[in-house]
Amino acid sequence: MAMQAQSITSVIGVESECVAPKAHDTYFANEPNLIAPFDFNYDLIIDFKTRVGMAEVYFNPVMWCSCCCCYPCFLQKNIEWDARSQHLALTVDGIRYVKEKRKSCCGLPCTDRGRESKTVPYDKITDCDVQEPAGTACCCCIQNVLSVVNIDTASSGVGGNFVLHEMSLQGLADPHAFKHSVWAMKRRLAPSGAQPTQMGKSLSSPCQMEMHNVLLTAIAIRLKAIAG
């Protein structure tokens with residue numbers, strides 16, 4: 001029991017940083033397998049994407065005809081609806097990303113977009129890193145301010161001229177804390193002495209996986225107690 005308590009306590013911090021910083025998003029409050037939610041910087045996302053969108057309308061003659069459909073009038077609202085529908089958390093099962101049902105276009109019910117969700121298991125992750133903002137986003141006049149956390153699995157690759165990531169999260173409030181948290185959870189899932197496969201996965205027995213699930217559940221209870 002003492003050894004298990006020590007393992008649970010050690011997951012709280014990685015490299016002197018909090019693995020689960022206190023989040024304001026309560027979307028996952030009733031999630032039974034929740035370990036820790038993470039916030040998006042909604043205001044920064046909305047401001048940045050609105051400025052980029054308006055610049056594209058202004059500098060691109062092809063977009064000028066969109067003014068006839070009042071596109072610029074609804075641009076900021078569409079960006080806000082999309083940004084605030086995003087929610088992110090670490091659960092016992094993996095990284096959980098949800099985009100709730102939201103309005104789009106002119107905001108009429110017939111243009112609503114449905115709920116989308118995705119879970120990436122920890123044992124499938126091969127890379128998780130932060131791309132820091134740099135340079136400009138449009139015509140050298142709008143500074144990039146949003147960091148991007150790219151998560152890769154064995155199915156990630158290159159499609160044409162683009163790198164296809166399993167998941168890309170733009171505008172997290174604390175991207176580095178999220179990155180450290182993901183790696184901390186992945187390390188605790190890797191059984192000691194496990195041999196990596198060609199796909200970058202670890203081999204583990206059903207008994208070990210059951211022990212991991214018990215440990216992750218204990219971690220979730222511990223983090224909820226600290227947050228409370």
Side-chain angles (χ1 to χ4, degrees), residues 18-58 63 66-67 69-120 128-134 136-138 141-151 165-182 220 223-224 227-228:
C18 183
V19 168
K22 185 173 178 60
H24 300 288
D25 190 355
T26 59
Y27 179 82
F28 295 100
N30 297 321
E31 173 70 39
N33 296 322
L34 177 68
I35 291 177
F38 287 83
D39 289 330
F40 284 92
N41 192 333
Y42 295 129
D43 293 335
L44 186 64
I45 294 172
I46 294 167
D47 177 69
F48 173 73
K49 290 190 174 182
T50 299
R51 289 190 290 120
V52 171
M54 293 304 294
E56 289 174 346
V57 172
Y58 182 80
M63 295 292 293
S66 66
C67 297
C69 304
C70 298
Y71 172 77
C73 301
F74 292 103
L75 176 63
Q76 183 172 357
K77 292 304 296 181
N78 274 267
I79 292 172
E80 182 175 357
W81 290 330
D82 188 72
R84 295 190 183 279
S85 71
Q86 299 181 102
H87 306 280
L88 178 69
L90 297 185
T91 69
V92 170
D93 301 314
I95 301 171
R96 181 87 182 280
Y97 174 70
V98 177
K99 293 190 78 171
E100 257 302 338
K101 180 181 177 182
R102 58 205 178 277
K103 297 181 179 180
S104 67
C105 298
C106 58
L108 294 176
C110 60
T111 62
D112 285 356
R113 301 187 65 178
R115 183 178 183 273
E116 308 164 31
S117 65
K118 184 173 186 176
T119 300
V120 180
C128 177
D129 212 346
V130 179
Q131 179 181 334
E132 300 288 355
T136 56
C138 181
C141 60
I142 300 176
Q143 193 73 24
N144 274 317
V145 294
L146 299 181
S147 61
V148 181
V149 177
N150 293 315
I151 300 158
H165 299 288
E166 185 69 30
M167 185 181 289
S168 289
L169 304 168
Q170 189 177 37
L172 284 177
D174 197 339
H176 291 284
F178 177 76
K179 169 189 169 181
H180 292 322
S181 301
V182 171
L223 290 176
K224 286 181 179 179

Side-chain donor/acceptor of S85 to backbone N/O of D82, under 3.5 Å
yes

Evaluate M167 against T119 for side chain to side chain contact (heavy atoms under 4.5 Å, CB included), listing each step before the verdict.
CA-CA 10 Å; M167 185 181 289; T119 300; over 6 Å; no

Of all residues at least two apart in sequence or in a different chain, which pass the salt bridge (charged side-chain N to carboxylate O under 4.0 Å, His left out) check with R113?
none

One should read off an interatomic distance between C128 SG and I95 CD1, to the nearest 0.5 angstrom, of 5.5 Å

My understanding is that only residues two or more places apart in sequence, or in another chain, count here; which of them pass side chain to side chain donor-acceptor pair (under 3.5 Å) with K103?
none

Tell me, do Q170 and I45 make a side-chain contact under 4.5 Å, heavy atoms counted?
no

By side-chain contact (heavy atoms from CB on, under 4.5 Å) - contacts of A23 (at least two apart)
P37, D39

Of I151, V130, D174, which meets side chain to side chain contact (heavy atoms under 4.5 Å, CB included) against K179?
V130

Could you tell me the separation between the CD1 atom of I46 and the CG atom of N41, rounded to the nearest 0.5 Å?
9.5 Å

Under the side-chain contact (heavy atoms from CB on, under 4.5 Å) test, residues paired with V145 that sit two or more places apart
L44, F48

Salt bridge check, R102 against E80: does any charged N sit closer than 4.0 Å to a carboxylate O?
no

For K49, enumerate each residue passing the salt bridge (charged side-chain N to carboxylate O under 4.0 Å, His left out) test, keeping only those at least two apart in sequence or located in another chain.
none

Considering only heavy atoms from C-beta outward, does the side chain of L88 approach that of F178 to under 4.5 Å?
yes

Go through the structure and list residues passing side-chain contact (heavy atoms from CB on, under 4.5 Å) with N150, not counting sequence neighbours.
Q131, V148, H165, S168

For S104, which residues count as a side chain to side chain donor-acceptor pair (under 3.5 Å) partner, sequence neighbours excluded?
none

Under the side chain to side chain donor-acceptor pair (under 3.5 Å) test, which residues partner R96, sequence neighbours left out?
E31

Closest non-hydrogen atom pair between W81 and C106, with its separation:
CH2-C, 4.3 Å

Report the residues that fulfil salt bridge (charged side-chain N to carboxylate O under 4.0 Å, His left out) with D112, sequence neighbours left out, ordered by chain and then residue number.
none

D25: which residues meet the salt bridge (charged side-chain N to carboxylate O under 4.0 Å, His left out) condition with it, sequence neighbours left out?
none

Interatomic distance, S117 atom OG to E100 atom CD [nearest 0.5 angstrom]:
9.0 Å

Under 3.5 Å, side chain of N78 to main-chain N/O of F74, donor-acceptor pair present?
yes

Rounded distance (nearest 0.5 Å) linking atom CD1 of I35 with atom OG1 of T91:
6.5 Å

Hey, what's the ring geometry for F40 with Y42, parallel, tilted or perpendicular (30° and 60° as the breaks)?
parallel

Minimum heavy-atom separation for N144 to A137, with atom names?
OD1-CB, 3.3 Å

Any ring-ring contact (aromatic ring centres under 6.0 Å, His included) pairs touching residues 83-114, not counting sequence neighbours?
Y27-H87

Set of side chain to side chain donor-acceptor pair (under 3.5 Å) partners for K118, sequence neighbours left out:
E166

